[in-house]
Amino acid sequence: MSKIWANSGDSHLVEPDDLFTTSLPADLAARMPRSVKDEDGSHETLYVDGQEFRRRMPKAANLTDDEGRTVSERAPGANDKALRLVDLDGEGIWAELVYPSIGVWMSSITDPDLLAAGCRAINDWAIEYQRFSPRYVCTATIPLLTAEHAVAEVTRAAELGFHAGYFSVTPGLGVRDWNDDMWEPVWAAMADAGMVVSFHIGTEAHDAASFHGGYFRGPGGALINYVETTYGGQRAVTKMIAAGVFDRHPSLKAIVSEGGATWGPFIADRLDEAYRQHASAVRPPLPKLPSEYLYENVYASFQHDRSAVKAMTSMGWNNVCWGSDYPHIEGTFGHTQKTLHELFDDVEPAAARRITVGAFAELFPHVPPAPANED
Ligand code: MN
């Protein structure tokens, strides 16, 4: 079987257990996210700043698979900068957009200064990965409770060398949404820094009172909830487009990771219909069709979805990226080449190369080019 090389628009770091205790004063570290698993591995309790979240073994910080193997047993490089490159070489993955794992729970913190301190700690750790290899494009975790804290960390992250900022699909708890003018300085700072707004699905901010380990229970719950997690990313970029963010910042790019891709042309059509049929109610006015912002400024990363390829080849959305979700259970580790061949063997080579390599390279032009596919 020939080897297909691909960049990944969706990968994760797995933070060490002592990340916060070694980087923050003890009283602050104690309030940072921490996971305690049940002995049977079926559930975990997440502790975040005095709140407790109880759930079935999770998505964002999935540490064991159905056979009870830990991430480091399944994916030896998950916690090791050098071994990770060995894993990537074996899988045929070149460069990665790398999100946090336990860090996504920071969005449940409601104290802006505490959140900012936690983000600085995680970013100071994550940048060491990126400095180890240009194949790691790490996301800086941005504190999203106030625009002032967010701009300060975007500015600091850009100086550290980050090319992407991790944004939860909703802002911090109790804060106005992405279409609100309060975020304008943050979009401006991201655009000035040339950093990509990186949304990962399933990262809505939760408080303990409203969190039930999922949205739906009863028959079909697991499948229903898996689909439900995808909508947040679509809503986030819809809000940015509708609020004119990409009109004011034409160079700004956003990516939605792990949420498939065919939703892009769908949302574009819905936005355009509203723009035409409800033109008198559209505020702020947009000089271009909403679909143009989506097709130009928004990217998406998928891992297994067969329809996602068609979003580019049949629907013309050139910003579709592939992603491995390494090292998470939903991802392709161990079967990346099989997945890539199933997805792309029947696809015209230039289109396949665009999805596997080109769209990512356009977002992150500083990354050395991916190798040619091997016969
Ligand atoms: Mn992911």
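Each ligand, and each atom within it, is numbered from 1 in the order the structure gives. Scope of the values below: all heavy atoms of this structure, side chains included, with no hydrogens, waters or symmetry mates.
Closest N/O/S atom of Asp325 to the Mn ion (ligand 1): OD1.
In summary, His200 places an N/O/S atom under 2.8 Å from the Mn ion (ligand 1), meeting the contact criterion.
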Where do Arg156 and Asn123 land on the side-chain contact (heavy atoms from CB on, under 4.5 Å) test, with the steps shown first?
-> CA-CA 10 Å; Arg156 199 184 77 92; Asn123 293 341; 4.0 Å; yes

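With the Mn ion (ligand 1) as vertex, Glu258 OE1 and Asp10 OD1 subtend 130°, rounded to 10°.
At a threshold of 4.5 Å between non-hydrogen side-chain atoms, the residues Val256 and Gln234 do not count as touching.
Checked against the 6.0 Å centroid criterion, the rings of Phe302 and Trp263 do not qualify as a close aromatic pair. Checked against the 6.0 Å centroid criterion, the rings of Tyr99 and His200 qualify as a close aromatic pair.
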